[in-house]
Amino acid sequence: MKLATWNVNSLRVRLPQVLDWLAQVRPDILALQETKLQDPDFPAAAIADAGYQAVFAGQKTYNGVALLSRLPATEVVTDLPGLADPQRRVLGASIGALRVLNLYVPNGASLDSDKYVYKLEWLDKLHAYVAGQLQRCPLLAIVGDFNIAPEDRDVHDPKEWEGSVLVSEPERTALRRLLELGLCDTFRRFDQPEASFSWWDYRAAAFRRNRGLRIDLILASGTLCERCSACRVDKDPRRLAQPSDHTPVVAEFTDIPSAAD
DNA sequence: ATGGTGGCGCGGCCA
């Protein structure tokens, strides 16, 4: 069972890349962030032709999340309890034996910004929600663009980034508290190349110089974590012309019923 | 270097 996450930074622009990637990698589930599409504009037909069902929570210009899957998605949720938020950043669904929560965590802008306050509040509401979900869903995966680099080894230059948004201690503490509920960062269950990142700024040739951050994560509940057999960053889509600034992260699991192949 | 690039949409915001 293959589960992937990819912040595509406009599904309208990136649709050809997404379709090519689905055909090559054949994930059972792909969580997308920053689709930047209203629901009536979602390319459901093209995705159906590729053999995937889709559920989505769209928004014009900003945000927007979707779940593509071989099996149908049921019991769909699009909001965090206790957070009245017009921004479309949350998509939870049951797919086969899994419960999947697809997140586009707020960026935060800078530590003195209202957006940073909103990010920490958002993460607090997420914590409360996930605590309850872990009681109900033994096979829970939480994936997406967390906009937090968990540790210094997830940052190309920790000194340069020290204290900045995406690496600040309050954000990392919020992520650590989430993990302490009983989740693992599947990427760190396996040996990885040094300087493995999932996002590189478009500016200043950051990708060519590998000046990136690992902020796209696949978290797994304890029972699911035991069944994780691999997790990797797929840098190939970031090398294409007109790439997203993020690249996909893919995890594989054993003993999960799958409809692929 | 307080810059740089990209998406949306057509001025300025967001990342």
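A, B, ... follow the sequence lines: proteins, then strands. Residue 1 opens every chain.
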Engineer: Could you encode protein contacts along nucleotides 6-15 of chain B as a string, one character per nucleotide from 5' to 3', using B for base contact, S for sugar-phosphate-only contact and - for no contact, with a heavy-atom cut-off of under 4.0 Å?
Structural biologist: SSSS---BSB
Engineer: When rounded to the nearest Å, what value does the distance between C1' atoms of B:dC8 and B:dG3 take?
Structural biologist: 22 Å
Engineer: When the P atoms of B:dC10 and B:dG4 are compared, how many Å lie between them, rounded to an integer?
Structural biologist: 24 Å
Engineer: Please name all residues satisfying disulfide bond (SG atoms under 2.5 Å apart) with A:C225, sequence neighbours left out, ordered by chain then number.
Structural biologist: A:C184
Engineer: Is there a donor-acceptor contact under 3.5 Å linking the side chains of A:N63 and A:R89?
Structural biologist: yes
Engineer: Would you kindly confirm whether A:L140 and A:L217 end up in one hydrophobic cluster when ILVMFWY residues are joined by side chain heavy atoms under 4.5 Å apart?
Structural biologist: yes
Engineer: Name all residues meeting the disulfide bond (SG atoms under 2.5 Å apart) criterion together with A:C228; count only those two or more places apart in sequence or in a different chain, and write none if there are none.
Structural biologist: none
Engineer: For residues A:W200 and A:N210, determine if any side-chain heavy atom of one lies less than 4.5 Å from a side-chain heavy atom of the other.
Structural biologist: yes
Engineer: Are side-chain N/O atoms of A:W199 and A:D145 paired as donor and acceptor at under 3.5 Å?
Structural biologist: no
Engineer: Determine the interatomic distance between C1' on B:dT2 and the same-named atom on B:dG7; round to the nearest Å.
Structural biologist: 22 Å
Engineer: In whole Å, what separates the P atom of B:dT5 from that of B:dG9?
Structural biologist: 22 Å
